[in-house]
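Here is how names work: the chains are called A, B, and so on, in the same order as the sequence lines, proteins then strands, and each is numbered from 1.
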2 protein chains.
Amino acid sequence: MTRSFEPDATDRAILRLIQKDAALSLADIAKDVGLTPTPCWKRIRKMEQEGVITGRVVLLDPEKVGLGVSVFVAIETGDHSAPWIEAFATTVAKMPEIVECWRLGGDVDYLLRVVVSDMQAFDSFYRRLTAQVPSLRKVTSRFAMERVKSTTALPI
Amino acid sequence: MTRSFEPDATDRAILRLIQKDAALSLADIAKDVGLTPTPCWKRIRKMEQEGVITGRVVLLDPEKVGLGVSVFVAIETGDHSAPWIEAFATTVAKMPEIVECWRLGGDVDYLLRVVVSDMQAFDSFYRRLTAQVPSLRKVTSRFAMERVKSTTALPI
DNA sequence: CTTGCAACAGAAAGATTTTCCTTCTACACG
DNA sequence: CGTGTAGAAGGAAAATCTTTCTGTTGCAAG
């Protein structure tokens with residue numbers, strides 16, 4: 001796969017900054033990377049158009065909004081057919097408690113991170129999940145005790 | 001734990017919006033939640049000051065910046081002392097490839113997500129990790145085949 | 001009532017976006 | 001060689017739009 005976009009050192013400097021704080025003004029970003037606001041803005045817009053930048057979002061403190069419980073759910077399926085995989089992806093997309101879902105190689109087929117308010121809410125989620133998804137061979141839930149680190153900033 | 005902040009329906013509507021797109025103008029947000037820009041802005045500022053909103057960031061496409069490989073590393077430690085835990089957290093904080101690190105309850109002590117460019121980069125990371133962290137009893141790496149879902153938006 | 005909170009309209013301050021211009025480099029051609 | 005041209009990248013300044021702040025009003029609870 002040849003990458004269509006090759007960020008130079010300046011692009012990367014910009015990305016490193018706004019990956020951490022997208023509220024910085026163009027003037028500040030520009031000063032930091034040694035440009036004036038205009039070319040800086042042009043680079044950012046280009047990266048948005050090319051899909052390098054996929055969005056701007058605010059992050060919330062899960063505790064503060066009463067969603068302090070993260071649970072990792074490892075799933076082994078008994079059905080590896082394309083229709084099952086597709087149906088599973090659709091179900092996952094529809095459940096907002098699932099904030100991450102990865103298909104893995106190896107013993108575990110899927111790993112989910114589920115965000116809920118408490119154990120009871122997780123139980124409710126768990127029942128809905130297992131009721132909706134057929135052919136689950138093994139489901140292992142592990143509760144997070146502490147969020148040691150969690151960042152959206154890629155090591156660019 | 002009593003929560004100091006109780007968002008009302010309007011606060012939550014605002015959060016749902018800007019969790020998905022923080023580039024929306026106040027005018028747009030206000031129209032959507034049925035307010036004028038000023039009270040809307042005051043609510044957002046309040047939530048920022050109270051720490052409900054922890055930051056504004058841009059999200060990147062990992063593939064487009066050449067970091068398309070995510071690996072989950074499950075760690076079981078042989079040392080559960082406070083100093084070990086602290087030292088481990090410090091090491092994790094210093095390694096930018098580790099984008100998530102959770103301390104779990106149960107058989108697995110820690111679960112990491114590591115973002116790298118390719119298998120070779122992961123091997124390099126793996127060597128550095130195991131060289132720096134003592135008393136690792138078991139380390140299991142699972143490669144992500146597909147990112148089925150990944151969102152920063154909490155189900156508020 | 002009246003007190004306090006939340007909303008509003010409108011103005012000021014500040015940021016973004018556009019337009020236009022300059023510079024630099026690479027490359028083709030006389 | 002020297003010159004002309006195209007394309008990429010930067011910059012200054014103006015226009016436009018947003019955010020932020022002011023003062024004021026309305027409404028609900030006490």
Side-chain angles (χ1 to χ4, degrees), chain A residues 1-61 63-67 151-154 156, chain B residues 2-61 63-67 152-154 156:
Chain A
M1 187 196 71
T2 114
R3 272 154 63 205
S4 54
F5 173 74
E6 277 302 330
D8 65 11
T10 305
D11 287 325
R12 296 151 81 88
I14 293 172
L15 290 178
R16 272 194 298 274
L17 278 175
I18 61 180
Q19 265 197 124
K20 296 249 157 87
D21 185 2
L24 288 169
S25 74
L26 276 172
D28 289 341
I29 301 166
K31 191 146 59 79
D32 236 281
V33 303
L35 285 177
T36 49
T38 308
C40 200
W41 175 77
K42 283 179 184 168
R43 281 166 181 266
I44 292 172
R45 189 190 52 172
K46 184 159 168 256
M47 293 192 281
E48 276 168 348
Q49 286 169 346
E50 273 169 337
V52 176
I53 293 173
T54 57
R56 294 167 179 262
V57 300
V58 307
L59 303 177
L60 308 186
D61 182 332
E63 308 276 351
K64 291 254 170 70
V65 295
L67 292 167
T151 179
T152 54
L154 302 180
I156 198 173
Chain B
T2 114
R3 274 154 62 203
S4 54
F5 172 75
E6 277 302 331
D8 65 11
T10 305
D11 288 324
R12 296 151 81 87
I14 293 172
L15 290 177
R16 272 194 297 274
L17 278 175
I18 62 181
Q19 266 197 125
K20 298 248 156 88
D21 185 1
L24 289 169
S25 75
L26 277 172
D28 288 342
I29 300 166
K31 190 146 59 79
D32 236 279
V33 304
L35 285 177
T36 50
T38 307
C40 199
W41 172 75
K42 281 185 181 165
R43 282 167 182 266
I44 292 171
R45 189 188 53 170
K46 183 156 169 257
M47 293 192 282
E48 274 167 349
Q49 286 169 347
E50 275 170 337
V52 176
I53 293 173
T54 57
R56 294 167 179 264
V57 299
V58 307
L59 304 177
L60 308 186
D61 182 331
E63 308 276 351
K64 291 254 170 70
V65 295
L67 292 167
T152 54
L154 302 180
I156 198 173

Inset, instruction - Calculate, to the nearest 0.5 Å, the distance between atoms CD1 and CG belonging to A/I29 and A/D32 respectively. - result: 9.0 Å

Inset, instruction - Quick one: pull up CZ in A/R12 and CE in A/M47 and give me the separation to the nearest 0.5 Å. - result: 11.0 Å

Inset, instruction - Quick one: pull up CG in A/D11 and CZ in A/R16 and give me the separation to the nearest 0.5 Å. - result: 10.5 Å

Legend entry - Atom pair CG (A/D61) and OG1 (B/T54), whose distance is rounded to the nearest 0.5 Å: 6.5 Å

Inset, instruction - Please map the stems of DNA chain C, keeping only stretches of three or more Watson-Crick or G-U wobble pairs with both distances under 3.5 angstrom. - result: C:1-30 with D:1-30

Inset, instruction - Determine, for nucleotides 3-10 of chain C in 5'-to-3' order, which nucleotides have protein heavy atoms under 4.0 Å from the base (write B), from only the sugar-phosphate (write S), or from neither (write -). - result: ----SBBB

Inset, instruction - Nearest whole angstrom, please: distance from the C1' of D/dT19 to the CZ of B/R45. - result: 12 Å

Legend entry - Residues touching DNA chain D, which here means a heavy atom under 4.0 Å, drawn from residues 16-32 of chain A: none

Legend entry - Separation between NZ of A/K20 and OG1 of A/T152, rounded to the nearest 0.5 Å: 9.0 Å

Inset, instruction - Using atom NZ of B/K46 as one end and atom C1' of D/dT20 as the other, report the distance to the nearest whole Å. - result: 18 Å

Inset, instruction - Report the C-alpha distance between B/I53 and B/L15 in whole Å, list the side-chain angles of each, state the deciding distance to 0.1 Å, and finish with yes or no for side-chain contact (heavy atoms from CB on, under 4.5 Å). - result: CA-CA 9 Å; B/I53 293 173; B/L15 290 177; 4.0 Å; yes

Legend entry - CZ on B/R56 to CD1 on B/I44, rounded to 0.5 Å: 6.5 Å

Legend entry - side-chain contact (heavy atoms from CB on, under 4.5 Å) between B/T10 and B/I14, intermediate numbers included: CA-CA 6 Å; B/T10 305; B/I14 293 172; 4.3 Å; yes

Inset, instruction - For B/W41 and C/dA12, give me the distance from atom CH2 to atom P, rounded to whole Å. - result: 17 Å

Legend entry - Considering all heavy atoms, the nearest B/A30-B/T36 contact: CB-C, 3.5 Å

Legend entry - Polar side-chain atom of B/Q19 near backbone of B/L154 as donor-acceptor pair, under 3.5 Å: yes

